[in-house]
Amino acid sequence: MNQILLNQIKKDFLENNPKFVAAKNVHPLEQRIVLKNYQVIDPESILEYIANDGYQGISKALTMSPKEVINEITISKLRGRGGVGFPTGLKWKFALGYESDDKYVICNADEGEPGTFMDRHILEGDPHNNIEGMMIAGYAIGASKGYIYVRAEYPLAASRLQKAIDDALELKILGDNIFDTDFSFNIEIRLGAGAFICGEETALMESIEGKRGLSRNKPPFPAQIGLFAQPTIINNVETIANVSSIILNGGEWYSKIGTEKSTGTKVFSLSGKTKNKGIFEVPMGITLYDVIYKIGGGMSEGSTFKAAFTGGPSGGVLTKDHLDTIIDFDSLVELGSIMGSGGIIIADQNDCIIDTIKHFMKFNAEESCGKCTPCREGTTILYNMLDDITKGKSSLEDLEKIKHLSKMVSTTSLCGLGQAAPAPIFSALTHFYDEFIDHIEHKTCKTGVCSMPVKGGE
Amino acid sequence: MMSQREKINLEKFELIIDSFQNIKGPLIPILHEAENMYGYIPIEVQNLISKKLKISNAEINGVASFYSMFHTNPTGLHHIGVCTGTTCHLNGSGKLLKHLEHKLGIREGETTSDGQFTIVPVKCIGNCDAAPNITIDGKVYNAVTITQLDELIIECSDK
Amino acid sequence: MKKLIKFKIDGIEYSAKENETVLDVCKKNDIFIPTFCHDDRFAGEAACRMCLVEASNSNKLMTSCTLIPSEGVEIQTKNDKVLEARREVLKLTWASHPNDCVVCDADGDCKLQDYMYYYDVPSEKEYDIKVRDFEIDYSNKFFYIDPSKCILCGKCVNVCDKLVGVGALSFNERGKDTYVSFAFDKGMDYSMCVSCGNCVSVCPTGAIVEKSKVKFRMKETRKVKTTCPYCGVGCQFNVVLKGDTVVRIDPIDTTPNEGLLCVKGKFAFRYINHPDRLKTPLIKKDGIFVEASWQEAYEVIVNKINETKRAFGPSAFAGLASAKCTNEENYLFQKFIRAVIGTNNVDHCARLCHASTVAGLATTLGSGAMTNSIEEVKHHDVIFVIGSNTTETHPVIGNFMRQARKNGAKIIVAEPRRIDLADEAEVFVQIKPGTNVALLNGMMNVIYNEKLYDEDFIKTRTEGFDEMIEVIKQYPPERSAEICGCTKEGIIKAARIYAAGKKAGIYYAMGITQHSNGTNHVKSVANLAMMTGSVGKESTGINPLRGQNNVQGACDVGGLPDVYPGYQKVHIPEIHNKFEKAWGAKLSNKVGLSLPHIINGAYNNLIKFLFIMGENPIVSDPDITHVRESMDKIDFLVVQDIFMTETAEYADVVLPASTYAEKDGTFTNTERRVQRVRKAIDPIGDSKPDWVIIQELMTLLEYPQKFNHPSEIMDELASVAPIYSGIDFERINEIGLQWPVFGKDHPGTKFLHKDKFSRGLGLFTPVDYLGARELPDKAFPLTLTTGRVLYHFHTKTMTGKNNEINEIVPVNFIEINQFTADKYNLHDMQEVIVKSRRGETVAEVHITDKIGDLTVFMPFHFADGANMLTNTELDATCDIPELKVAACEIVEKV
Ligand SMILES: Cc1cc2nc3c(=O)[nH]c(=O)nc-3n(C[C@H](O)[C@H](O)[C@H](O)COP(=O)(O)O)c2cc1C
Ligand code: SF4
Ligand code: FES
């Protein structure tokens, strides 16, 4: 396979299929980069992918040096979409810097954060784009092997990826000496097995290695000692899905989209009490208002907006006061929340904040890998304490204890799960302190969701 | 996906293990195979894997018990799960789960005495836009009501 | 060398080497950092979070066990933030921990307790969480596991997996439900546990604790560092004592065992304070032992010696030194036999295990000992184990082999039995007992034909290659495979893997040596190693594993009939003169009788007086019936031992000796390391250390010896034996020294034959396959091979005094495979009679797939057991008997 053949395929295909269906349901506020092929092409057809400029990115990348490729990513200011927002170019640069014959690229498709489902749609809708992105990443850091760690709950995504890999191998786009260069790349799919912690990059690597998914301490970072103790980069599905477009259109182009420090677009998944739900891709910097009232079409019948949860069990809560807040990495951190991987859950007057953060803490406690003491014990204790609040068994003193323990768990835990587990508590305390008082002092819950002895009225 | 369980046949499983010979870190994929074939990972299979991969059986047991999708005891013919992800939670999945538990007379994680059903724990399955969701044998059912849940169970039992 | 990193801890400047963590630096400088999960022997887990410190370049607290300091960084180890974090981690650890310290076995020996005390954490629970509630697993005989008291530091799992290499323990479940258990919660029996107890040693709390027979609190105890009295590894440990009773053994993380022990070293110590210990001299009167005073006993012995000497001369005497006694004792013993009695008839059971090594390697390389060190085992890239069941006979070396495999080393195993290491091996060639030479020649044939040999090494370092290769050419792998009863592919694969090794090590033991042509087997091993240039380098060499704790030392110091201390030949005039001068006595220059000839001599009435120090030939020697008859015929027998052994029963006088715990001295382990043995308690009863007894006897025989302390004996030894000349007690105090140590400035020798063999050029010897002397036939159609098991040591004198050990391996057994069992219609655990031309014994049938068709295995530990059957055929060069192969037959017991 080479560039000429690639163009030929595209030409032939377009001649036989004069028009593509336009993407369905694209909202005027949207700009689709990651989702450029979503519901446009048949995800199981490599030819359609190629016809829509597929594999042009890797083809172009191979004419550049690895450093130039990384440079383009750096210029784009692309930040990881897996939650932390680490600059992707920098991550790749580190990995390039460590010498080794075996390096690895991992695509993190474990999407376990409750309320998120964009990675699933991205993979199901356009698997080749991820393969292409991984190839570019592999070329950039000098890796010839990639893994996609897909959660087992996403069988369709996994099977489409497998078909995409098989088809790419058949066309010799993947495999040895890609586009007649020295670059070879292979990809293997690995299924998770029901452990949220395996979305954490080091636990994920342990899992691929065939071990219990226990997080490793960092440093050393994966770029130095990663999978099978070799230099490894691990990127989220959406991060990787941006890569081919950046290479094709240039980092400069990408950096102009979105906000100053959070460039590009972001795919969000919207669920909860709005009229419209689902995924959408907008430039970074959309306001919460636009999300709910424009894209979400407003609240559903009988619902009034009460809160928006972002960042799931590691995140926080936004209120009416934040409707004008723009959503990007840094703005939300300022408010004590995080954008996380882009799941937005809208709650209404019938939803109890305490109950929800208790639910988050239950999730964290159940998903804690159990390796480090503060998270293993602390998340359960925090859950018990929140449970007591929802049962009217707490005092204000206990609230102080919760605050203290939350702080300690987040400062002493080993990995992101424990470190972020108390985040929703802090956020709720800041923005819904009244609700705590209702539960603790007045033993009431306005929503009646908790098993409170007394049900309060509006 | 798995409404039939295979009989344990170590020779056959040995071939499956061999088919993973060329991949690094083959344990989890092999455990998936066992789980799919038998509905759980029998001890004799874990011992076989241990011998073939030169990993101690204790470690294999440790790995199998870590992941919620792997079972170390036999499970029911049908795996039913109610998603307890946040959006499903906000949309009343708790009630669905209680109903299911009551109906089948078992708790989450348990198997009915007739070996028909196991209630498996399900965390968010990425269908939040259609909450609440349930899964039966890996298949996702969206926006499920209690009535629908009852119907689905009956449908399953008939099979 | 990379440059040091300078940084500050609590305001004071320190420096760290490359890859050193903050914790490492703190430890070195006595800066206290609490840890639960950390162990120097494996990479930081950072799980317990106790070791958190603050670093000026991070806004998060960092675990010092993983933190590599960067230049100029400032570390705080005890500011408020750090202390608060530690206290909180303790509170959280404590929250789910049972609050029963008062009755806990680990009270006073628990890090959680200590740290809570130091950091003022109240015992009242601050947080509400369910206290861990798991069933206690009592299934192991020596220790129990209480997951409720486990703080999940993971050390036991890591030690078992990463260091021991067994992986019997694992974490189960996850999150707060995590607990440690044996596989499938089925207890120890089902698991791979080998009861080494290394998990017990590392557990910081009361979660894994020894089932102690003696109740004690740590504050009541004291510790004495010493050397393990079991196998040749020479593990270092602390004997923990309450009063005069040994209550526990704690391994020490030092050379050579790096904090590891095996089941015997860790748990089989009950014999020391056992009620059956000999406590007073016994004199046999009318066939019955009568207690006597030392003076009476000495008197009888001295009179008898004088009488016998007068009547029959010195050559009617013989003495058996002991591979279990110290170097000093053996030195004195052989001096006693040589200088006081006047004969070289002194030998010991090394004759039965490595006489062929001493002979075979001395001729080919120049000295007969392990060429590498134990610490080098981990770093091989190929390990070829032949005729050694290393994980059972030298467990800690076995652990290091497993570590090597985990580091990527390839293991080759050639053995009649599918030993545990075979499961770890890249290739396992199951050979018939006694066919090693055919196998080795076959491998060399492949290496020759495929040109995998090291031409340069052969040219510059060796001689005799061409003659040897002529023989090798006659062993194409097809032929070897046929002789060995294995596949030719196995031989070819083994050859290729071995030859490809850049750091290949051969490990062998009695499977190579105990043959009627054992010396040739050893030479053949040397041929293979020299052919590929795999000797004389670090982590590359030939390594005979010496069986007993001090069998190496007993040989080194002259417990052999042909050499004085330091392998100096008795028949060479200059040497003979030198010793006559040094010892001020007339010495015989005639090579003395070896052990089998001493026994035969007794049988033939030529040996009238036999003095046995700590040996038990009635269990250990071949053809027990013959040994018994010989002992019966001896005119006068003295046995000096710690228990009434099977042999002592035959004695005229029995002298009570002291165990290793009751005396000072040295042992020399299998890697030639001379190590300290330290007195922990006073001799039990009226017993005396062997050196004291021998010294007193020598003095009474008008050869006064006035050593005040064993160190003085060592000084004398050093003055006569060049390879020990640099050794004294002070120099070996910490980790010992490996001989040769030529002089006080010599650092000792880590590996032998660097640049040049001890004999100059390495000598290739053509070795043809000869086969065992007794092969199966119609009357005795099975091939019997013998060996050790993990739990017992030698003739069971010491291990047999531990109930738990006896429960695990209670009676003599015979391993046979299903094919053979079917042929004889036998079922598992059935008692049978096994017969050979020499005798018969009873054994319990163990059906196993470990062993090949028509081959059977029996341990040699049991009295009237395997050695009732074994063959006394000797190797012509070194007199080692063919203990490894005999023909036998099974008959049903009625
Ligand atoms: C508990 C936990 C769960 C995580 N789960 C995911 C996940 O499901 N998907 C993901 O992409 N990143 C997840 N992450 C983040 C990853 O550790 C890692 O930062 C990410 O894969 C890096 O990719 P990026 O740089 O492209 O964002 C998780 C982190 C933590 C602490
Ligand atoms: S923070 Fe939680 S999930 Fe992370 S290592 Fe610790 S116990 Fe495991
Ligand atoms: S010693 Fe560092 S975390 Fe346990």
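Naming: A, B, ... by sequence-line order, numbering from 1 per chain. Predicted, not measured: the structure shown is a model, and the values here were computed from it.
- A distance-only check finds a donor-acceptor pair linking the side chain of B:H32 to the backbone of A:G192 [under 3.5 Å].
- In terms of heavy-atom pairs under 4.5 Å with chain B, the best-connected choice from A:G115, A:A193, A:P114 is A:A193.
- A cation-pi geometry, defined here as NZ or CZ lying under 6.0 Å from the six-membered ring centre and within 45° of its normal, holds between B:K24 and A:F228.
- Heavy-atom minimum distance, A:H359 versus B:T84: CE1-O, 2.8 Å.
- Interface remark: A:C352 contributes no atoms to any contact with chain B (heavy atom separation under 4.5 Å).
- Among A:G272, A:P313, A:G213, A:G278, the residue with the largest count of heavy-atom pairs under 4.5 Å with chain B is A:G213.
- Without hydrogens or angle criteria, B:T87 side chain to A:S271 main chain gives no donor-acceptor distance under 3.5 Å.
- The shortest heavy-atom contact between B:N91 and A:K273 is OD1-CE, 3.7 Å.
- Counting heavy atoms of neighbouring residues, nucleotides and ligands inside a 6.0 Å radius, atom NZ of B:K54 exceeds 12 of them.
- Between the side chain of A:R212 and the main chain of B:G62, a donor-acceptor pair closer than 3.5 Å is present.
- Side-chain contact check for A:S207 versus B:F66: every heavy-atom pair is 4.5 Å or farther apart.
- Between atom CZ of residue A:R151 and atom SG of residue B:C124 there is a gap of 6.0 Å, rounded to the nearest 0.5 Å.
- Using a 4.5 Å cut-off between heavy atoms, A:K362 makes no contact with chain B at all.
- Proximity to chain B involves both the backbone and the side chain of A:L191, based on heavy atoms less than 4.5 angstrom apart.
- Atom-to-atom distance recorded for A:F117:CZ and B:N127:CG is 8.0 Å, nearest 0.5 angstrom.
- Within 6.0 Å of NZ in A:K275 there are more than 12 heavy atoms belonging to other residues, nucleotides or ligands.
- B:P29 is listed as a side-chain neighbour of A:R190, based on a closest heavy-atom distance under 4.5 Å.
- More than 12 heavy atoms of other residues, nucleotides or ligands sit less than 6.0 Å from atom CG of B:D18.
- Within the 4.5 Å cutoff, the side chain of A:E153 has no heavy atoms near those of the B:K123 side chain.
- Contacts of A:E111 with chain B are absent, with no heavy-atom separation under 4.5 Å from either backbone or side chain.
- Shortest non-hydrogen contact noted between A:K211 and B:I28 is O-CD1, 4.1 Å.
- Heavy atoms of A:L270 lying under 4.5 Å from chain B belong exclusively to its backbone.
- With a 4.5 angstrom heavy-atom cutoff, A:E188 touches chain B only via side-chain atoms.
- Using a 4.5 Å cut-off between heavy atoms, A:F196 does not touch chain B at all.
- Looking at A:T116, the atoms closer than 4.5 Å to chain B (heavy atoms on both sides) all sit in the backbone: N, CA, C or O.
- The CG atom of A:D351 lies 11.0 Å from the OG1 atom of B:T86; values are rounded to the nearest 0.5 Å.
- Of all the listed residues (B:L27, B:L53, B:L90), the one sharing the greatest number of non-hydrogen pairs under 4.5 Å with chain A is B:L90.
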